[in-house]
Amino acid sequence: RRGQALHRLQPAVDVGREEFHDRESWLEANVEFWTDILEEYKNQSVYMENMFDWNSRELVQLTKAMRNSDRFGICFDYAHAAVFGQEDSPEIWFQETAPYIRHMHINDNDLVKDMHLPLGDGIIDWDRFFNLMEEYQIEASVLLEMTGWEKQLRSLEYLESKGFLK
């Protein structure tokens with residue numbers, strides 16, 4: 001619809017790291033900030049992306065704290081969870097974030113670096129991903145996050161060859 005936009009943001013503080021101690025004040029400050037933003041921009045939605053998060057804890061905690069807004073949710077980047085989310089398995093990431101996922105990013109990698117490869121060019125288990133999508137009944141917009149039409153086309157062809165496109 002006209003006048004509406006999706007804003008995908010990454011947390012400004014790397015709260016998954018050991019040196020970040022004051023999670024309570026981080027949470028309070030973020031709830032106040034995002035509540036004010038959503039109040040001021042009534043036609044906007046804000047979806048926080050998992051970036052360097054070791055687990056889903058802070059992202060879910062913030063989203064739960066924003067429960068009074070249906071315009072605040074999670075942009076779940078499965079490749080980021082595979083590379084950086086060392087504390088939680090893909091199943092745990094889906095279990096914890098599923099109720100709040102509004103948008104997704106997908107691309108492939110070697111499970112070591114965030115490479116933004118076309119789907120099928122890395123080693124992410126896409127069968128597992130789509131089984132989890134079905135199990136948790138995720139209905140969200142999806143972005144093929146890689147540069148160049150050729151890589152996106154190869155990803156679409158991969159999805160079609162695996163029977164993931166309907």
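Numbers for residues simply follow the sequence, beginning at 1. What you see is a predicted model; the values in this text were computed from it and never measured.
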Give the minimum heavy-atom separation between [X] and [Y], together with the two atoms involved.
X    : Y    : value
D88  : S56  : OD2-N, 3.2 Å
Y78  : D125 : OH-O, 4.3 Å
K42  : R71  : O-NH1, 3.3 Å
N107 : I124 : O-CD1, 3.5 Å
L156 : L165 : O-CD1, 3.7 Å
I74  : Y47  : C-CB, 4.1 Å

[Y] side chain reached by [X] side chain, heavy atoms, under 4.5 Å:
X    : Y    : value
Y100 : F72  : no
M48  : W34  : yes
E49  : F76  : no
M104 : S141 : no
L143 : H103 : yes
Q95  : Y136 : yes
L119 : L159 : yes
T35  : N68  : no

Residue list, side-chain hydrogen bond (donor to acceptor under 3.5 Å, both in side chains) with K162, at least two apart or on another chain
D127
Evaluate side chain to side chain donor-acceptor pair (under 3.5 Å) for D108 paired with W126, printing each intermediate quantity in order.
CA-CA 9 Å; D108 220 330; W126 292 106; 3.0 Å; yes
Quick one: do L38 and M66 satisfy side-chain contact (heavy atoms from CB on, under 4.5 Å)? Show the steps, please.
CA-CA 10 Å; L38 290 169; M66 293 293 297; 3.8 Å; yes
Out of curiosity, S89 OG to R128 CZ, how far, rounded to the nearest 0.5 Å?
6.0 Å
Verify the distance criterion only: is there a donor paired with an acceptor across the side chains of H80 and D114 at less than 3.5 Å?
yes
Under the criterion side-chain contact (heavy atoms from CB on, under 4.5 Å), I'd like the reasoning laid out for I106 against E145: C-alpha separation, chi angles, the key distance, then a yes or no.
CA-CA 6 Å; I106 57 174; E145 189 181 28; over 6 Å; no
Considering residues at least two apart in sequence or located in another chain, which fulfil the ring-ring contact (aromatic ring centres under 6.0 Å, His included) criterion with F164?
F130
Let's go through C75 and R102 carefully: what are the C-alpha distance in whole Å and the side-chain angles of both, what is the deciding distance for side-chain contact (heavy atoms from CB on, under 4.5 Å) to 0.1 Å, and is it a yes or a no?
CA-CA 6 Å; C75 169; R102 303 293 178 263; over 6 Å; no
Test side-chain contact (heavy atoms from CB on, under 4.5 Å) on V83 and L111; report intermediate values, then the result.
CA-CA 5 Å; V83 171; L111 303 180; 5.5 Å; no
Could you tell me whether E96 and R57 have a side-chain N and a carboxylate O separated by less than 4.0 Å?
no
Looking at T147, is its backbone amide N or carbonyl O close enough to the side chain of Q152 to form a donor-acceptor pair, meaning the two atoms are under 3.5 Å apart?
no
Exactly one of N55, I92, D53 should register a side-chain contact (heavy atoms from CB on, under 4.5 Å) with E87. Which one does?
N55
